[in-house]
Amino acid sequence: MNQEKSQQKKARKALPQISDAEWVVMRVVWERAPITTNQVVEVLAHKTDWKPRTIHTLLSRLVQKGALEFEKKRREYMFRPLVSAEECEHAVARSFLGRFFGGELAPFLARFVESEKLDSQQIEELKRILEGRKE
């Protein structure tokens, strides 16, 4: 069990640091993989004002960082994620908690819930999630 936790921590630490712009590209790849370069450009043409060259650069960076892999098929590059959205989201959340809340989840949740308006359905959903996490 300790070895398993150690491997999980190593895997978490190995996750690439993804910039805000790279997150936009990753979301497209996560939603539509496998996806070609041209398909990524087409999707992002409707969401951003980026030039195709910018998107190509972001894809290349994500490959270099180990977030994506590609396969060349004829003249096209086909991209697939090497990390899941959930893994990256968890790593970012953990980093945020570490920087601003000493790594503690409860103070963050308390601060967030106190300052947000929640309807009864959202409150019930949070209760259900928390009850399901009891050890």
Side-chain angles (χ1 to χ4, degrees):
M1 188 78 150
N2 282 343
Q3 186 178 8
E4 184 178 315
K5 283 186 180 181
S6 176
Q7 288 175 340
Q8 288 174 346
K9 280 186 179 180
K10 283 181 186 176
R12 227 179 272 140
K13 286 182 183 178
L15 290 174
Q17 295 287 325
I18 299 174
S19 72
D20 290 346
E22 291 165 347
W23 271 98
V24 174
V25 174
M26 285 300 295
R27 291 255 178 247
V28 171
V29 177
W30 282 320
E31 290 170 7
R32 300 164 189 247
I35 186 169
T36 66
T37 306
N38 289 338
Q39 290 169 329
V40 174
V41 169
E42 185 179 321
V43 170
L44 291 177
H46 301 291
K47 295 181 178 186
T48 69
D49 60 354
W50 297 339
K51 303 279 187 240
R53 184 83 177 131
T54 301
I55 297 166
H56 289 243
T57 299
L58 292 168
L59 287 165
S60 294
R61 283 187 198 159
L62 288 163
V63 168
Q64 290 170 355
K65 290 180 175 186
L68 295 177
E69 67 178 354
F70 71 91
E71 179 182 347
K72 188 172 182 179
K73 289 196 172 186
R74 296 189 191 121
R75 297 180 67 209
E76 274 289 323
Y77 289 89
M78 185 75 64
F79 291 90
R80 287 181 184 78
L82 291 174
V83 293
S84 71
E86 293 79 14
E87 290 173 305
C88 291
E89 290 162 354
H90 187 261
V92 168
R94 274 270 147 230
S95 174
F96 175 82
L97 287 175
R99 284 183 299 178
F100 297 103
F101 292 92
E104 297 295 323
L105 182 59
F108 164 73
L109 285 176
R111 176 89 37 88
F112 191 79
V113 170
E114 287 169 356
S115 58
E116 291 293 315
K117 290 194 182 277
L118 301 173
D119 62 31
S120 58
Q121 184 179 354
Q122 292 170 317
I123 291 169
E124 287 306 313
E125 178 67 8
L126 285 171
K127 284 180 183 177
R128 185 189 63 72
I129 291 167
L130 292 171
E131 285 296 323
R133 296 294 299 167
K134 280 186 181 175
E135 290 183 15

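Each residue takes its place number in the sequence, starting with 1. Values reported hereafter were calculated over all heavy atoms of this structure, with side chains retained and with hydrogens, waters and symmetry mates removed.
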Legend entry - Heavy-atom neighbours of E89 CD exceed 12 at 6.0 Å: yes

Inset, instruction - Answer yes or no: is there a side-chain heavy-atom contact under 4.5 Å between R94 and L97? - result: yes

Legend entry - Other residues, nucleotides, ligands: >12 heavy atoms within 6.0 Å of R80 CZ: yes

Legend entry - Heavy-atom pair of closest approach, residues P34 and Q39: O-OE1, 4.4 Å

Inset, instruction - Search all heavy atoms of Q17 against all heavy atoms of K65 and return the closest pair with its distance. - result: O-NZ, 2.7 Å

Legend entry - Approximate separation, where rounding is to 0.5 Å, of K51 NZ and T57 OG1: 13.5 Å

Legend entry - Side-chain touch F79/M26, heavy atoms, less than 4.5 angstrom: no

Legend entry - Pairwise side-chain contact, E124 with Q121, heavy-atom cut-off 4.5 Å (strictly under): no

Legend entry - Minimum-distance pair of heavy atoms, taken over all atoms of L82 and L68: CD1-O, 3.5 Å

Legend entry - Aromatic ring pairing F108/F101, orientation class (parallel under 30°, perpendicular over 60°, tilted between): perpendicular

Legend entry - Nearest heavy-atom neighbours spanning C88 and W23: CB-CH2, 3.5 Å

Inset, instruction - Side-chain contact test, heavy atoms from C-beta onward, threshold under 4.5 Å: evaluate it for Q122 versus L126 and give yes or no. - result: no

Legend entry - Ionic contact status for R128 with E125, cut-off 4.0 Å: yes

Legend entry - Pairwise distance NZ(K127) to CD1(I129) - rounded to 0.5 angstrom: 13.0 Å

Legend entry - Close side-chain approach of V24 and D20, heavy atoms under 4.5 Å: no

Inset, instruction - Treat each ILVMFWY residue as a node, draw an edge where side-chain heavy atoms are under 4.5 Å apart, and state whether I35 and M78 are in one component. - result: no

Legend entry - Hphob cluster co-occupancy, L62 + V92, side-chain heavy atoms under 4.5 angstrom: yes

Inset, instruction - Look at the side-chain heavy atoms of Ile, Leu, Val, Met, Phe, Trp and Tyr, link any pair under 4.5 Å apart, and say whether F96 and L105 land in one connected group. - result: yes

Legend entry - Nearest heavy-atom neighbours spanning H56 and T37: CE1-CG2, 3.4 Å

Inset, instruction - Hey, could you give me the CD/OG1 distance between E76 and T36, rounded to the nearest 0.5 Å? - result: 4.5 Å

Inset, instruction - Of all the heavy-atom pairs spanning W30 and V83, show the shortest one and how long it is. - result: NE1-O, 2.8 Å

Legend entry - Side chain proximity check, W50 to L58, heavy atoms < 4.5 angstrom: yes

